[in-house]
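Let me begin by presenting the structure, written as structure tokens, before commenting on it.
By convention in this document, chain letters (A, B, ...) are assigned in the order of the sequence lines, proteins followed by strands, and residues within each chain are numbered from 1.
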Amino acid sequence: MNSPLQANVLFQLGPVPITEAVITTWAIMVILILGSFLLARHLDTLPGKRQAILELIVATLDIQIRETSGAAPAPYRGFIGTLFLFILIANWSSLIPGITPPTAQLETDAALAILVFLSIIWFGISKGGVRGYFKSFAAPNLIMIPLNILESVTRIFSMFVRLFGNVMSGVFVIGIVASLAGLLVPIPLMALDLLTGLVQAYIFAVLAMVFITATVEESQPTVKDSPPASPPLEERES
Amino acid sequence: MDYLSLISIFSAAFAVAFGAIGPALAEGRAVAAAMDAIARQPEAANTISRTLFVGLAMIETTAIYCLVISLLLLFANPLLG
């Protein structure tokens, strides 16, 4: 049986080995970009069926982001929404025969988690300034600095191991059952896999949002030293 | 079969078997508490279930670490070469 930790190299492009997961990832990216471009081309103030469905998706994303973070969803909508849709489509791509979802490879999940890590830094610095971002490591007090630095790495690690473990174990179990019991037996397991894929995509997006919100809130100036309608941090301190 | 691979297979099964007990009990308690809370306050069901999902994901991580350890033992064991 193939090891789930090994990537299946299809061909070499110069010095770069191209694996199956890379091709599936690029196919999903093309589908997402082309689909959103074609679907959002003719937007109208009086929405038709297509636009109503699109608006439903965006509004649901907005509600979830607002309820998780308690902030306006506009700055986060693009990143969190794309994360959710990409992971969802990647998880469900196992429905097409012969395709293993790219999220069942450790590398794809690691790349997504590193994106989340970088976006935490980005949103932390852009909302609270560089000083505010570094101050967020000293919350609630100075003793917590090593633990906070450790946590910022381990939570990213646990994030991608979680996604990898869930998706890969689904694919693995279906493979074992199909090889033991025959063609139609793993269908209920595949239905369960659809639910797992949806829940994991949701959890990945929500956790990314929770981590970003935590950093942004801790990097804001505390209530007692900021005026009620506070101007941005850089202007106030210069 | 040499004893190192025997031990690896045994400890892979051991890790999954005993590593699943704690998270299973913890998830059971979490879901029971969430059910209780939803029964008391049905209007807060959305918030409770969202928090429940995130919490379950956190709890589940320990079980998944065990799964990863057993996969490492089975497929990427450094001792077997």
Nearest heavy-atom pair of A/R162 and B/I64: which atoms, and what distance? O-CD1, 3.9 Å

Which residues in residues 114-122 of chain A have any heavy atom lying under 4.5 Å from a heavy atom of chain B? none

In the structure I gave you, are the side-chain heavy atoms of A/E67 and B/T47 within less than 4.5 Å of one another anywhere? no

Exceeds 12 heavy-atom contacts within 6.0 angstrom, atom CG of A/L150: yes

Engaged part of A/M159 at the chain B interface, taking heavy atoms whose separation is under 4.5 Å: neither

Spatial distance of atom CD (B/E60) from atom CD1 (A/I203) [nearest 0.5 Å]: 6.5 Å

Identify which part of A/V210 has an atom lying under 4.5 Å from any heavy atom of chain B, answering side chain, backbone, both or neither. neither

Taking atom CG of A/L180 as the centre, does the number of heavy atoms from other residues, nucleotides or ligands within less than 6.0 Å exceed 12? yes

Identify the two heavy atoms, one from B/L67 and one from A/G165, that lie closest to each other, and give their separation to 0.1 Å. CD2-O, 4.0 Å

Any A/V199 side-chain heavy atom under 4.5 Å of B/F53 side chain: yes

In terms of heavy-atom proximity below 4.5 Å to chain B, should A/V161 be classed as side chain, backbone, both, or neither? both

